[in-house]
Amino acid sequence: MPEIAKGLEGVVAAESRICKIDGQNGKLYYLGYSIEDLVKSCSFEEVTFLLLNGQLPNRAQLDEFSKSMRSQRSLPDPVVRMIREFPDRSHPMEMLQAAVLYLAGYRAEGNEAADPNDCRKAVHLIAQLPTVIAVWQRAREGKKPIEPRSDLSHGANFLYMLSGDEPGEVIGRVMDGCLVLHAEHSFNASTFTGRVVASTLSTCYSSISAAIGALYGSLHGGANERVMEMADKIVEPEKAAEWVNRALDKKEKIMGMGHRVYRAKDPRAIIIEEYLEELTETTGDAGYFKLLKEVERTFRERMEEKGKPIYPNVDFFSGAVYRMLGIPTILFTPVFAMSRISGWLSHIIEQLEDNRIYRPTAHYVGEIGKKIVPLEQR
């Protein structure tokens, strides 16, 4: 009987220089740079350049890269029509999967399979996904789409396309920072899915579409939606402790608490909690911050009684931040994809540079030698 690692847990499938997670000490690095330094010093466009090229850009490189990205934000008219005519009852993640492959057909150069340089040219997808999401949301509201602006950052432009209002400095900076925080996180389910598809020498567009499909699953993306559903049930910070204690007594899961990798507090959660506090001070609305801090306090006290120090993960605070930025709950997972596509492309490029198709084996536990009963006797 072979040893089986269900879910491939603990299996080292490849070498990678892209992302380092130090779960024991609560540290996260992109290409050797700490997430704290990247959020503090770099825009999402700089971090995207880093992920695609392996180094931070100088001023001339960043200017050229930003100009290129921002010039590719608009969508072809047929793509806009496809998005606006997508079935009403569909989820935006399903639309996003379809839109990626639809956009692939509008590349003037065509699509070359198994070419890392060709995948670098797919940077237009990073520029266009915010527009895709905004067009879908505006159609859902019965409104016309808003053309992107090239003078706004990646995050600020997305918020502008949603509402038509130019976000203030704090709002735009927080949105861009949230995108940096979610851009990459090593061999998670969606990233690994993208690498598996790339390993077959399919196109980077097929790989990205598959990664979006994996992110759509409720065990991967969408945890911050569940956190906000919890917050909507609790409503008032004063009721949080009672609600958490009652849920734990029933052995129910408190969403956003704990992480499969981190044994210390998720470093992204620390940063995004600071964003939530900053937005609270900017808007004067402390409701979500007080409620979530009370949930955290009560949960951690209960866990520490059992000798289990469990901390919030990035999803615990991110949903509240998105709500305060004016992003509807149904867009939380698409926004995750809008950020993570930079990391997906980075991994697809790395996979293709030293490729070997993923082909794990399975231990067969079924029957053998079964006899076929004639059709008339079954």
Side-chain angles (χ1 to χ4, degrees), residues 5-12 19-30 33-40 177-178 180-182 184-189 191 218-231 233-234 236-280 286-322 332 336:
K6 287 195 172 183
L8 300 181
E9 184 171 4
V11 174
V12 179
C19 184
K20 167 67 177 176
I21 303 172
D22 180 355
Q24 196 64 38
N25 296 300
K27 296 294 182 182
L28 173 64
Y29 305 88
Y30 298 174
Y33 297 98
S34 74
I35 192 64
E36 293 87 354
D37 287 346
L38 288 171
V39 166
K40 180 180 179 181
C178 287
V180 171
L181 289 176
H182 287 91
E184 167 55 19
H185 210 244
S186 193
F187 271 41
N188 51 78
T191 298
S218 61
L219 293 182
H220 188 8
N224 51 8
E225 292 184 44
R226 306 289 89 78
V227 173
M228 295 315 294
E229 288 173 4
M230 173 185 69
K233 291 177 182 176
I234 297 172
E236 299 174 15
E238 296 77 15
K239 297 179 179 179
E242 178 185 357
W243 192 94
V244 172
N245 283 318
R246 186 168 59 247
L248 290 175
D249 290 342
K250 295 178 181 178
K251 302 190 183 304
E252 294 176 357
K253 182 176 177 59
I254 304 299
M255 296 304 298
M257 300 301 296
H259 194 281
R260 187 170 179 174
V261 177
Y262 293 108
R263 296 297 171 263
K265 191 168 183 177
D266 185 336
R268 300 167 301 170
I270 295 172
I271 297 168
I272 212 159
E273 179 182 345
E274 293 171 355
Y275 285 160
L276 181 57
E277 190 169 13
E278 186 175 11
L279 290 174
T280 294
Y288 285 131
F289 184 76
K290 289 181 178 179
L291 188 152
L292 291 175
K293 291 300 292 182
E294 186 64 14
V295 170
E296 178 189 6
R297 182 194 66 78
T298 307
F299 177 85
R300 293 205 61 213
E301 284 181 357
R302 286 285 298 267
M303 293 301 102
E304 286 172 0
E305 290 172 2
K306 300 179 180 180
K308 297 179 180 179
I310 299 177
Y311 303 89
N313 59 47
V314 67
D315 295 311
F316 188 71
F317 295 106
S318 63
V321 168
Y322 290 160
F332 287 0
F336 193 161

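Any value given below was found using the heavy atoms of this structure, including those in side chains, with hydrogens, waters and symmetry copies removed. This chain uses plain numbering: 1 for the first residue, then up along the sequence.
One finds the CD atom of Glu9 at 4.5 Å from the CZ atom of Arg260 (value rounded to the nearest 0.5 Å). Remark: Glu277 CD to Lys293 NZ distance equals 8.0 Å, nearest 0.5 Å. Atom OG of Ser34 and atom NZ of Lys20 lie 14.5 Å apart (nearest 0.5 Å). Separation of atoms CG (Asn245) and OG1 (Thr298) is listed at 6.0 Å; rounding is to 0.5 Å. Note that CG of Asp266 is 10.0 Å distant from CD1 of Ile35, once rounded to the nearest 0.5 Å. The CD atom of Glu305 sits 10.0 Å away from atom CG of Leu248, with the distance rounded to the nearest 0.5 Å.
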Report task. Would you please test Glu278 and Glu273 for side chain to side chain contact (heavy atoms under 4.5 Å, CB included) and show each step? Result -> CA-CA 9 Å; Glu278 186 175 11; Glu273 179 182 345; over 6 Å; no
Query raised in the report: side chain to side chain contact (heavy atoms under 4.5 Å, CB included) between Glu36 and Ile271: does it pass, once the steps are laid out?
Result: CA-CA 8 Å; Glu36 293 87 354; Ile271 297 168; 4.3 Å; yes
**Report entry** Working for salt bridge (Lys or Arg N to Asp or Glu O under 4.0 Å), residues Lys308 and Glu304
**Finding:** CA-CA 5 Å; Lys308 297 179 180 179; Glu304 286 172 0; over 6 Å; no
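Phe336 and His220 have perpendicular rings, their planes meeting at more than 60° on a 0 to 90° scale where under 30° would count as parallel. Relative orientation of the His182 and Tyr322 rings is tilted, given thresholds of 30° and 60° on the angle between their planes.
Val39 approaches Gly177 most closely through the heavy-atom pair CG2-O, 4.3 Å. For Met303 against Ile310, the heavy-atom pair with the smallest separation is SD-CD1, 3.9 Å. Summarising the geometry of Gly26 relative to Ala264, their closest heavy-atom pair is N-CB, 3.8 Å, with the distance given to 0.1 Å. In this structure, Arg263 and Tyr311 approach most closely via the heavy-atom pair O-CE1, 3.6 Å. Across every non-hydrogen atom of Pro312 and Phe317, the tightest pair is CB-CE1, 4.1 Å. Residue Gly307 comes nearest to Pro309 through the heavy atom pair O-CD, 3.4 Å, listed as atom of the first residue, atom of the second, then distance.
One finds a salt bridge joining Arg302 and Asp249 here, because a Lys/Arg side-chain nitrogen approaches an Asp/Glu carboxylate oxygen to under 4.0 Å. A salt bridge links Arg246 with Glu242: the distance from a Lys NZ or Arg NE/NH1/NH2 to an Asp or Glu carboxylate oxygen falls below 4.0 Å. One finds no salt bridge joining Lys239 and Glu294 here, because no Lys/Arg side-chain nitrogen approaches an Asp/Glu carboxylate oxygen to under 4.0 Å. Look at Glu229 and Lys233 and you find no salt bridge, because none of the NZ, NE, NH1 or NH2 atoms lies under 4.0 Å from a carboxylate O.
In this structure, Cys19 and Leu28 have side chains that are in contact, with non-hydrogen atoms separated by less than 4.5 Å. Residues Leu276 and Leu292 meet the side-chain proximity criterion, which asks for heavy atoms closer than 4.5 Å. Ile21 has its side chain within reach of His185: a pair of non-hydrogen atoms, C-beta onward, lies under 4.5 Å apart. Between Arg268 and His259, some side-chain heavy-atom pair lies under the 4.5 Å cut-off. Residues Phe332 and Met228 meet the side-chain proximity criterion, which asks for heavy atoms closer than 4.5 Å. Contact check for Asn313 versus Tyr262: no side-chain heavy atoms found under the 4.5 Å cut-off.
Here the side chain of Asp37 pairs no donor or acceptor atom with the backbone of Tyr33 at under 3.5 angstrom. A donor-acceptor contact shorter than 3.5 Å links the side chain of Tyr30 to the backbone of Glu184. No donor-acceptor pair closer than 3.5 Å links the side chain of Thr191 to the backbone N or O of Phe187.
Surrounding NZ of Lys265 are more than 12 heavy atoms belonging to other residues, nucleotides or ligands, all under 6.0 Å away.
Checked against Asn224 for a side-chain contact (heavy atoms from CB on, under 4.5 Å), the options Val314, Val321, Asp315, Ile272 give a single hit: Asp315.
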